[in-house]
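One structure is given below, encoded as structure tokens.
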2 protein chains.
Amino acid sequence: MPRSAAALSTLAPQGLPRKDAGLQERRSAETRQVILEATIRCLARHGYSKTTTTLVASEARASRGAMLHHYPTRQALIAATIEYAFYKRMKTFIATIRSLSESDRIERNKGIFLELRSLQSEEYQAYLELHVAARTDPELRDVFFPRAKRYDAVWRDEIAKAFPEWTELGEAFPRACELTRATLEGLMLNRDIWDDPANERVVVELLSRILTMIREGRIEVPEAS
Amino acid sequence: MPRSAAALSTLAPQGLPRKDAGLQERRSAETRQVILEATIRCLARHGYSKTTTTLVASEARASRGAMLHHYPTRQALIAATIEYAFYKRMKTFIATIRSLSESDRIERNKGIFLELRSLQSEEYQAYLELHVAARTDPELRDVFFPRAKRYDAVWRDEIAKAFPEWTELGEAFPRACELTRATLEGLMLNRDIWDDPANERVVVELLSRILTMIREGRIEVPEAS
DNA sequence: TGTTTTAGACAAGCCAGACTGTTTTTCGCG
DNA sequence: CGCGAAAAACAGTCTGGCTTGTCTAAAACA
């Protein structure tokens, strides 16, 4: 199976548990994973600035010394978490997409609902925290945005593979994807404020109809000028 | 002119400069405004957690003592900034909407582009910082969300007044508004990552076409179940 | 034994809020 | 009109708490 350069498999995080490995290495990798999971939880629940090395260690039930052994600085911890969080979210998202029946995927646009669910995961919450923090924190900026752009490329690539029937639409497809993601992310962002599940469902349903109409050519997507 | 309970005028922030007032009160109000502007700048440029009282004071060219005189705690400062930032952004947005020609407003959906520009203001950047921080900071949460919900009501009310020709669509109009805002906010959120002005324009143009089709009844908006 | 992992203490730095002192404005009252 | 006290605005210091990264030492493992 030929893989594009931006495939998900090209960026599996390093240093995580593998079956084949000495006892020590396995133990070490396990600790690292526990720490990364704890970091995601802290980011999602307490925000970026309150995700201190102390808090992460306690959340991971590890000593601070142990943590700083695996991730010498907070930066290193955050960098590893960025990769881990994105990879984990993307992997389950893709897997779920692949498990859809053809009619669910094509006619009922179930992908939207999966994306919406993916945006509710702790991994995305953590990702959003990092994203917003990166806008104003120069150090984090350098760590976050290059990775975020790579992940975006992976996302587009995997989506294209998962929805082959859209490809004949050409540029209309990526634009539809951007529209979808922007809308869903915006919807999630305002969720606590609008606070109306019924209306939210209607908007998502509306988006679904719009996508169908785009696919059927009943809404024309403009070309870049 | 009868005003609805949620009109913008109902929540003009207190304690800001007025022409009629004693010298002391005027001076005081001026200082407060300078401080609030500085806070917005700090939030937009450095983020919530780095917006310290010290930084704000220096940005406002005021002493820390002066600042703590007007806003005894950081909480108080933030609360005042929330109100000020929203009011300021909303006011210029509404004013710009009102200045549109009828054809720009109705046929060309210029409102979308104004909203998009509004989302690029420092006031919105600050607002986003506060919003995201409020999700994880319990104290800020109590201060932010009640206000944010009030502002949302104001926004809906003012939009309804500014686009009278949509009202006959009934519930389709607020849903279209939510779709628009979600999409534009999501677009702004991903701006640094997607980083492609041409594509962004296309998506906005697509959104514009969608809105036109909704208004003309060519896209049916589902009802809440 | 030698290396990896875990544990915990320490110093340096920063921030919020409390505090004291200073200057400017207001206003009552002769 | 003008003087003096009260109040408001402004300035800057101090302390306690928290965080980070470093460092030493012990424990687990190969």
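Bear in mind that the values here come from a model prediction, so they are computed numbers and not experimental data. Side-chain atoms are counted along with the backbone in the values below, which use heavy atoms only and exclude waters and symmetry mates. Here is the naming used below: chain letters follow the sequence lines, and residue numbers restart at 1 for every chain.
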* 5' priority, DNA chain D, between Pro72(A) and Lys50(A) [closest heavy atom] -> Lys50(A)
* Salt-bridge test for Arg41(B) and Glu59(B): reply yes if a basic N is under 4.0 Å from a carboxylate O, no otherwise. => yes
* Round to a whole Å and report the spacing from CD of Glu30(A) to P of dC29(D). => 12 Å
* To do: Calculate the interatomic distance between Met67(B) atom CE and dC15(C) atom C1'; express it in whole Å.
  => 12 Å
* Between dC10(D), dG17(C), dC15(C), which one does the side chain of Thr52(B) approach most closely? -> dC15(C)
* To do: For the residue pair Tyr151(B) and Phe86(B), categorise the inter-ring angle as parallel (less than 30°), tilted (30 to 60°) or perpendicular (more than 60°).
  => parallel
* Interatomic distance where CZ belongs to Arg61(A) and C1' belongs to dG8(C) [whole Å] -> 19 Å
* Considering only dT6(C), dG21(D), dA16(C), which nucleotide approaches the side chain of Thr31(A) most closely? -> dT6(C)
* Asked: How long is the line joining CZ of Arg32(B) and P of dA8(D), in whole Å?
  -> 12 Å
* To do: Check every atom of dT6(C), dT20(D), dG17(C) against the side chain of Arg64(B) and return the nucleotide holding the closest atom.
  => dG17(C)
* Does dT6(C) have OP1 or OP2 sitting under 4.0 Å from an N or O in the side chain of His70(A)? -> yes
* Structure fact -> Closest of dA16(C), dA8(D), dG21(D) to the His69(B) side chain is dA8(D)
* To do: Take atom CD1 of Ile78(A) and atom C1' of dT20(D), then tell me their distance rounded to the nearest Å.
  => 13 Å
* **Basic-acidic side-chain contact under 4.0 Å: Glu205(B), Arg201(B)** => no
* Asked: Leu77(B) has an atom CG; how far is it from atom P of dG17(C), in whole Å?
  -> 10 Å
* Could you check how far CG of Leu68(B) sits from P of dA9(D), rounded to whole Å? => 14 Å
* Ser63(A) has a side chain; which of dT6(C), dA11(D), dT20(D) sits nearest to it? -> dT6(C)
* Structure fact -> Among dT5(C), dC10(D), dT20(D), the one nearest any side-chain atom of Arg74(A) is dT20(D)
* Thr53(A) vs dT19(D): side-chain N/O to OP1/OP2 distance below 4.0 Å -> no
* Asked: Would you say the side chain of Ile82(B) lies within less than 4.5 Å of the side chain of Tyr87(B), judging by non-hydrogen atoms?
  -> no
* To do: Give me the ring orientation class for Phe145(A) and His131(A): parallel if the planes are under 30° apart, tilted from 30 to 60°, perpendicular past 60°.
  => perpendicular
* To do: Starting from C1' on dC10(D), measure out to OH on Tyr71(B) and report it in whole angstrom.
  => 15 Å
